[in-house]
There are 2 protein chains.
Amino acid sequence: MVGIEEVAALAGVSTATVSRALRGKDHVSAKAQAKVEDAARELGYVASSSAATLATGRTQNIGVVLPYIDRWFFSVILEAIETELIDHGYDLTLYNLSGGEKQRKKIFDELLLRKRVDGVLAIAVNPTEAELANLNRMHKPIVGIGGPVKGARSITMDDVAAGKLATEHLLSLGHTRIGMIGGLPNADEEFGQPGLRYYGYAEAMKEAGLTINENWVAECDFTIPGAYVVAKQLFTDLRNSPSAVFCASDEMAFGAIMAAKDLGLEVPKDLSVVGIDDHNLSEFYGLSTIAQKPAEQGRAAVKTLLDILALPNAEDHDNVEEKKEWPVKLVVRASTAKFAKR
Amino acid sequence: MVGIEEVAALAGVSTATVSRALRGKDHVSAKAQAKVEDAARELGYVASSSAATLATGRTQNIGVVLPYIDRWFFSVILEAIETELIDHGYDLTLYNLSGGEKQRKKIFDELLLRKRVDGVLAIAVNPTEAELANLNRMHKPIVGIGGPVKGARSITMDDVAAGKLATEHLLSLGHTRIGMIGGLPNADEEFGQPGLRYYGYAEAMKEAGLTINENWVAECDFTIPGAYVVAKQLFTDLRNSPSAVFCASDEMAFGAIMAAKDLGLEVPKDLSVVGIDDHNLSEFYGLSTIAQKPAEQGRAAVKTLLDILALPNAEDHDNVEEKKEWPVKLVVRASTAKFAKR
DNA sequence: CTGAAAGCGCTTACAG
DNA sequence: CTGAAAGCGCTTACAG
């Protein structure tokens with residue numbers, strides 16, 4: 001395990017000069033620079049990050065907290081964040097909240113605070129007041145994605161607007177018998193996104209002067225199989241069923257499309273389907289959807305966080321509430337079409 | 001930022017006693033223990049991990065290296081590993097290799113060696129000799145999953161056996177016109193799994209005295225859309241097409257099933273399909289497949305790695321080649337049936 | 001069982 | 001531009 005002393009000895013300079021040369025912060029004579037670089041290379045020297053952290057107070061490490069990994073939105077965003085952090089010389093420590101309350105407590109009360117990370121990225125995780133207070137006490141900035149974080153910065157799309165935009169697309173095509181698959185307002189997700197998307201749907205329907213048929217609104221667990229089952233229920237009576245369905249996620253839309261197919265309904269001739277996400281399989285399914293570009297959201301969040309960390313004063317690292325709205329776009333493909341009697 | 005000194009002062013003991021009480025390693029009198037715990041709680045003290053690492057040489061952190069996150073196998077295994085590590089008091093630092101050669105070099109030559117991790121878990125990543133030599137120099141154990149690691153321990157299923165088992169299942173049902181979708185032997189994946197699975201298929205066919213029809217073997221990128229396209233090609237001439245297809249992954253099997261459906265073929269009446277993985281959607285698709293249980297593989301790898309790290313002598317941390325075969329099981333569902341003329 | 005003190009390996013203000 | 005030295009905040013062998 002070669003240390004800085006050995007490099008200094010081989011290069012014939014002090015450890016201070018080695019440190020300066022290798023970090024490239026202070027000026028070092030070209031000659032010393034070269035000697036140090038040669039020595040470091042020859043010995044295969046890599047600085048110990050714990051020693052550097054202890055001396056500087058910076059870990060060059062970001063904690064990422066999320067509730068799932070094995071879901072499209074999360075895995076895409078995680079991959080983008082990781083690449084972006086590495087590019088900026090940061091490591092990523094992963095904290096998955098799937099382990100329940102006890103694990104969450106451990107993560108927020110111990111791990112994140114063990115001076116292990118310089119900042120936190122919270123993906124669809126809403127810290128409690130106490131959790132945030134702890135972070136503030138340590139001057140650890142946190143940036144949220146996938147939902148607004150109370151008392152801190154976040155980047156998130158407007159779920160109500162997304163639901164409304166999707167529904168209005170169906171309305172614009174002449175549909176009036178519009179169902180919805182997704183979460184109802186009381187769903188206990190971290191931010192109630194499912195509910196928010198429902199509100200957008202309800203708002204659009206109301207503005208169009210239409211009433212919602214409650215038999216055509218189905219709660220669902222955001223999975224393909226779940227939506228498949230639920231979608232079939234919407235069509236128990238083909239003489240009285242929706243001509244269009246808004247699904248609160250693309251995966252549910254895939255399930256709905258498959259269910260329709262298996263019932264002998266043609267999409268979009270007999271049924272229009274629109275989702276939210278722009279999943280990487282949406283093009284394959286020809287799904288019209290609301291794109292939310294998670295990879296770009298992730299990169300933007302990394303930039304926000306690193307910009308804060310670049311500020312020299314610790315007070316500037318304090319968390320302040322600041323919502324940045326992420327733009328949302330309708331992508332029209334083959335799963336939606338003008339209403340036609342079937 | 002409260003440190004150990006403040007806790008010691010409040011508890012009226014030395015920092016040595018605080019450390020001992022909080023780590024629970026050496027014996028401490030019940031009275032001192034209580035005083036320290038109270039003081040630590042009152043101050044919200046959490047030890048600095050960089051200081052602890054510097055003093056002990058242990059980071060309590062494991063580096064996980066993988067080529068993708070946004071793929072079923074990888075996200076499932078990652079989630080399982082993370083939970084298991086947290087349970088054992090370890091953090092997980094994520095290194096995704098999707099950033100190309102330069103990023104890989106940075107990861108293996110700098111990040112992993114910055115004394116940041118105690119050990120490495122490599123998922124479907126095969127370190128080069130030089131990369132492994134670096135790890136060995138630092139006495140960092142590495143355990144591989146999803147492919148054998150040359151010169152180190154690994155847990156991996158036998159891809160040839162899996163391909164053979166899947167093909168034999170089709171043979172046992174009376175099929176002789178068996179196609180395959182997946183990688184050909186020359187595919188440049190890290191370990192050539194695609195090729196290995198093909199060899200299993202070829203071996204089974206040969207042992208059954210059958211020759212392979214090259215028009216029925218299609219290379220594919222392991223995605224659903226890719227397999228959909230390729231599967232349709234297998235059925236350009238329905239009078240002369242396979243009655244069964246072995247797909248080297250479940251996602252490709254899903255694509256094949258959809259393609260068959262869209263062509264008006266019934267699965268399994270007109271076409272039997274078998275995959276490899278036991279993807280979480282396989283039950284939904286009724287897919288017969290070879291289960292490889294990535295979450296369990298991940299947990300087993302964590303156990304192997306932590307067991308090594310628990311050995312007190314640094315030499316015991318050295319890497320030795322040791323392949324542990326992961327058992328594989330055929331799961332029969334609704335996508336395979338006895339051969340029948342169509 | 002407990003404390004004083006050395007030491008882990010860096011970084012950086014200070015002095016030159 | 002460079003070096004000697006203090007200091008970051010823990011842990012642990014040593015002595016008592």
Side-chain angles (χ1 to χ4, degrees), chain A residues 1-37 39-40 43-61 89 110 113-118 138-139 312 314, chain B residues 1-37 39-40 43-61 89 110 113-118 138-139 312 314:
Chain A
M1 244 16 140
V2 18
I4 197 171
E5 301 245 16
E6 290 156 76
V7 180
L10 182 60
V13 297
S14 71
T15 58
T17 298
V18 173
S19 177
R20 284 191 275 252
L22 260 24
R23 311 188 82 221
K25 294 243 168 186
D26 282 294
H27 263 220
V28 168
S29 70
K31 206 171 123 196
Q33 181 76 35
K35 280 191 299 182
V36 169
E37 280 175 9
L43 297 173
Y45 170 74
V46 189
S48 152
S49 65
S50 49
T53 294
L54 193 58
T56 61
R58 288 304 188 95
T59 65
Q60 296 293 111
N61 190 24
E110 293 178 32
L113 301 179
R114 277 204 89 189
K115 294 124 189 168
R116 243 184 210 294
V117 300
D118 290 336
M138 310 295 258
H139 302 288
Chain B
M1 253 327 182
V2 18
I4 198 171
E5 300 246 15
E6 290 156 76
V7 180
L10 181 60
V13 298
S14 72
T15 58
T17 298
V18 172
S19 177
R20 283 191 275 252
L22 260 23
R23 311 188 82 220
K25 296 243 168 185
D26 282 294
H27 263 220
V28 168
S29 70
K31 205 170 124 198
Q33 180 77 34
K35 281 191 298 182
V36 169
E37 281 175 9
L43 297 173
Y45 170 74
V46 189
S48 152
S49 64
S50 48
T53 294
L54 193 57
T56 61
R58 287 304 187 96
T59 65
Q60 296 293 111
N61 190 24
E110 293 177 33
L113 301 179
R114 277 203 89 191
K115 295 125 190 166
R116 243 186 210 294
V117 300
D118 290 337
M138 310 295 257
H139 302 289

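Lettering of chains follows the sequences in order, A, B, ..., and the numbering in each one begins at 1.
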A.B. asks: Let me know the distance between CG of Asp26(A) and P of dC10(C), rounded to the nearest Å.
C.D. replies: 18 Å
A.B. asks: Select one nucleotide: of dT11(D), dG3(D), dT2(C), the one nearest the side-chain heavy atoms of Val13(A).
C.D. replies: dG3(D)
A.B. asks: Among the candidates dA5(D), dC1(C), dT11(D), find the nucleotide nearest to the side-chain atoms of Ala52(B).
C.D. replies: dT11(D)
A.B. asks: Check the distance between dC1(C)'s P and Arg20(B)'s CZ and give it to me in whole angstrom.
C.D. replies: 10 Å
A.B. asks: Looking at Ser14(B), I'd like to know whether one of its side-chain N or O atoms comes within less than 4.0 Å of OP1 or OP2 on dG3(C).
C.D. replies: yes
A.B. asks: Can you measure from CG (Leu10(A)) to NZ (Lys35(A)) and round to the nearest 0.5 angstrom?
C.D. replies: 10.5 Å
A.B. asks: Could you give the CD-to-P distance, from Glu5(A) to dA4(D), as a whole number of Å?
C.D. replies: 11 Å
A.B. asks: Below 4.0 angstrom from OP1 or OP2 of dT12(C), is there any side-chain N or O of Arg23(A)?
C.D. replies: yes
A.B. asks: For dG16(C), give its Watson-Crick or G-U wobble partner with both distances under 3.5 Å, or none.
C.D. replies: dC1(D)
A.B. asks: Counting side-chain heavy atoms from C-beta on, which of dG3(D), dT2(D), dG9(D) comes nearest to Ala51(B)?
C.D. replies: dG9(D)
A.B. asks: Rounded to the nearest angstrom, tell me the gap between atom CZ in Arg58(A) and atom P in dC8(D).
C.D. replies: 18 Å
A.B. asks: Just how far, in rounded Å, is C1' of dC10(C) from CD of Gln60(A)?
C.D. replies: 14 Å
A.B. asks: Should Ser19(B) be listed as having a side-chain N or O under 4.0 Å from OP1 or OP2 of dT11(D)?
C.D. replies: yes
A.B. asks: Take the protein atom CD of Glu6(B) and the nucleotide atom C1' of dC10(D), then report the distance between them rounded to whole Å.
C.D. replies: 14 Å
A.B. asks: Is Thr53(A) close enough to dC10(C) that one of its side-chain N or O atoms is under 4.0 Å from OP1 or OP2 there?
C.D. replies: no
A.B. asks: Tell me whether the OP1 or OP2 atom of dT2(C) has a side-chain N or O from Ser29(B) closer than 4.0 Å.
C.D. replies: yes
A.B. asks: Rounded to the nearest angstrom, tell me the gap between atom CG in Leu54(A) and atom C1' in dC8(D).
C.D. replies: 4 Å
A.B. asks: Identify which nucleotide among dG3(D), dG3(C), dG9(C) has an atom closest to any side-chain atom of Thr17(A), counting heavy atoms from C-beta outward.
C.D. replies: dG3(D)
A.B. asks: If I take atom CD1 in residue Ile4(B) and atom P in nucleotide dG3(C), what distance separates them, rounded to the nearest angstrom?
C.D. replies: 12 Å
